[in-house]
Protein chains: 2
Amino acid sequence: MATTPTDPDLGSVLGKAVAVLHAFTVDDHELSLAALVERTGLPKTSVYRIAGDLVRYRLLDRTALGYRLSGGLFELGMRASVERSLLELAMPYLQDLYERTHETVHLGVREGREVVYVAKIAGRGQAASPSRTGGRMPLHCTAIGKVLLAWADDDLRRDVLTGPLERRTPHTIVAPGRVAQQLDAAIEAGVAFEREESALGLQCVAAPVLDADDRPIAAISVTGPVGRFRPEQHVDAVRAAAQGLGTLVARRRSLH
Amino acid sequence: MATTPTDPDLGSVLGKAVAVLHAFTVDDHELSLAALVERTGLPKTSVYRIAGDLVRYRLLDRTALGYRLSGGLFELGMRASVERSLLELAMPYLQDLYERTHETVHLGVREGREVVYVAKIAGRGQAASPSRTGGRMPLHCTAIGKVLLAWADDDLRRDVLTGPLERRTPHTIVAPGRVAQQLDAAIEAGVAFEREESALGLQCVAAPVLDADDRPIAAISVTGPVGRFRPEQHVDAVRAAAQGLGTLVARRRSLH
DNA sequence: GGGGATCGTTCCACTCACCGGTACGCTCCT
DNA sequence: AGGAGCGTACCGGTGAGTGGAACGATCCCC
């Protein structure tokens with residue numbers, strides 16, 4: 001059941017422990033022992049023992065209802081070098097961008113065939129975008145994803161376009177040809193757009209953060225609600241932020 | 001050597017794996033096998049095998065120089081419920097506070113006898129504060145720490161004050177009596193101050209985020225360089241942000 | 001250019017930590 | 001009262017994990 005992203009080797013303690021950790025998602029942050037058993041498919045006793053150990057090692061917390069990922073794990077995750085260096089370098093630019101636009105700002109990197117959001121600035125009373133820091137989204141239906149894909153190796157582009165393109169909304173572009181068109185247009189324009197393709201009611205512009213070799217390290221986007229928000233108005237601001245961060249990153253000789 | 005915070009039971013794979021993960025710090029984000037062996041005190045072969053497994057499970061990445069904490073760990077950490085819920089609720093307030101002051105803004109929670117920073121907004125060209133998201137600081141020498149300690153149970157306050165108070169700068173207050181004085185003053189004033197007690201050249205004001213039962217969930221602070229920056233000027237802004245967040249959190253029936 | 005130090009990797013036989021079925025006690029339901 | 005669902009505890013068998021020893025590859029200094 002419910003194969004975790006990193007479908008681990010269940011023959012080792014470590015594998016089982018990782019499976020338990022991966023059973024938690026952004027939405028289900030609190031799971032009972034029974035729920036963990038169901039999600040991992042592991043024997044109850046094993047989950048019981050392992051979860052207990054994880055609590056002992058401060059990777060899980062006990063709660064009235066069961067277990068949840070602990071603050072220790074948060075600390076550990078914040079030490080992940082690439083994401084954290086990027087985040088620290090990027091914050092001032094994201095900050096400026098938000099202040100200039102007062103719209104939701106994202107920073108994302110590519111992980112496999114998906115976008116992982118490394119930072120999100122959503123001010124008060126914004127149209128709620130479903131993205132979350134640390135969350136994932138498909139590459140083909142988000143502005144950040146398109147940017148990351150457009151500047152990526154041809155291999156990856158081909159790989160993604162030949163695979164299934166998940167439909168998220170009625171506006172999601174699922175025809176490989178049309179996605180390819182958009183990727184080309186993105187390179188041409190230096191930015192990519194998204195119009196209600198990942199979530200209804202939201203539009204988006206994104207620009208790539210390129211290193212010294214013009215490889216895409218990350219992407220920055222501005223998101224707003226259809227109607228008041230016109231992504232074209234923010235092209236220059238996003239591009240400026242992404243380029244600023246890019247040159248800063250390049251100066252640091254790739255993200256160490 | 002170098003006992004990790006959660007000095008783990010080294011008799012189990014899991015314990016060893018956790019020890020390996022904890023060997024990485026914010027500063028040493030990239031460690032060779034030999035370095036891991038030295039820091040964990042584990043046999044070389046064991047570290048080799050376990051690190052390999054951790055790479056397989058996407059908790060570590062291989063690099064030219066050795067290993068580092070992976071993006072997968074970042075994602076996992078971002079799912080830690082308390083920190084992430086708090087972070088999402090707090091961001092708009094931190095955002096506003098930064099825009100109002102244009103000084104470095106922190107959000108911190110207490111973990112044991114230390115502060116853990118959950119969020120940091122450091123604008124361009126600020127005096128670099130040594131804090132980092134996910135990093136720790138002692139309670140007695142930071143504004144956030146004083147706030148968290150002042151509103152905490154008497155048990156904790158006694159516990160911390162009777163323990164050794166680490167000196168961080170010439171200005172660090174290490175006399176238990178004087179710290180206690182400041183805690184009382186903090187409750188009186190609704191905010192706590194710090195004047196170069198954790199890092200030279202920096203001053204700070206912090207206010208508590210209280211839940212419905214007046215228990216401190218977290219604290220918010222504004223930090224700036226001595227000279228231009230006068231913490232007293234920002235008392236109202238910090239207090240407003242913290243209270244706003246507090247009522248929001250209280251409405252959600254404690255952080256689930 | 002050879003010898004020594006350092007580092008990552010492979011091999012292997014022992015053994016103990018892990019395994020998971022079974023059973024128990026508790027709290028809600030019906 | 002009975003039954004379902006859950007968390008906890010017990011326990012003997014066994015294979016995953018163990019770590020010492022030995023190997024090859026770099027690098028650097030004499």
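So you know, we letter chains A, B, ... as the sequences are listed, proteins then strands, and number each from 1.
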S.K.: Without swapping roles, check the side chain of Arg110(A) against the backbone of Gly112(A) for a donor-acceptor pair under 3.5 Å.
M.R.: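 Answer holds: yes.
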S.K.: Report the residues that fulfil salt bridge (charged side-chain N to carboxylate O under 4.0 Å, His left out) with Arg167(A), sequence neighbours left out, ordered by chain and then residue number.
M.R.: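 So Arg167(A) forms no salt bridge (charged side-chain N to carboxylate O under 4.0 Å, His left out) with any residue.
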S.K.: How sharply is the helix from dG1(C)-dC30(D) to dT30(C)-dA1(D) bent, taking the axes over five pairs at either end and rounding to 10 degrees?
M.R.: 30°
S.K.: Locate the shortest heavy-atom distance separating Ile187(B) from Ala150(B); write the atom from each residue and the value.
M.R.: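 That would be CD1-O, 3.3 Å.
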S.K.: Between Val160(B) and Leu165(B), which heavy-atom pair has the shortest distance, and what is it?
M.R.: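 Result for this residue pair: O-CD2, 3.6 Å.
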S.K.: Take Ser32(A) and Val13(A), find for each the nucleotide of DNA chain D with the closest heavy atom, and name the residue whose nucleotide sits nearer the 5' end.
M.R.: Ser32(A)
S.K.: For a 4.0 angstrom threshold against heavy atoms of chain A, report the outermost contacting nucleotides of DNA chain D in 5' to 3' order.
M.R.: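 That gives a stretch of dC6(D) to dG17(D).
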S.K.: Would you check if the side chain of Ser46(B) reaches a backbone N or O of Leu42(B) as a donor-acceptor pair within less than 3.5 Å?
M.R.: no
S.K.: Of all the heavy-atom pairs spanning Ala192(B) and Ala186(B), show the shortest one and how long it is.
M.R.: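 What the structure gives for the nearest pair is CB-CB, 3.9 Å.
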S.K.: With sequence neighbours left out, what residues match Arg158(A) under side chain to side chain donor-acceptor pair (under 3.5 Å)?
M.R.: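 Per chain and number, Arg158(A) pairs via side chain to side chain donor-acceptor pair (under 3.5 Å) with no residue.
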S.K.: Determine yes or no for a side-chain-to-main-chain donor-acceptor pair under 3.5 angstrom, with Arg136(A) supplying the side chain and Glu114(A) the backbone.
M.R.: no
S.K.: Quick check with a 6.0 Å cut-off and a 45 degree axis cone: is Arg84(A) positioned over the face of Phe74(B)'s six-membered ring?
M.R.: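 The answer is no; the distance or angle limit is not met.
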S.K.: Could you list the residues that satisfy ring pair (Phe, Tyr, Trp, His ring centres under 6.0 Å) with His106(B), not counting sequence neighbours?
M.R.: Tyr117(B)
S.K.: Can you pull the contact range of chain B along DNA chain C, 5' to 3', using atoms under 4.0 angstrom from its heavy atoms?
M.R.: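 The footprint of chain B covers dC7(C) to dC18(C).
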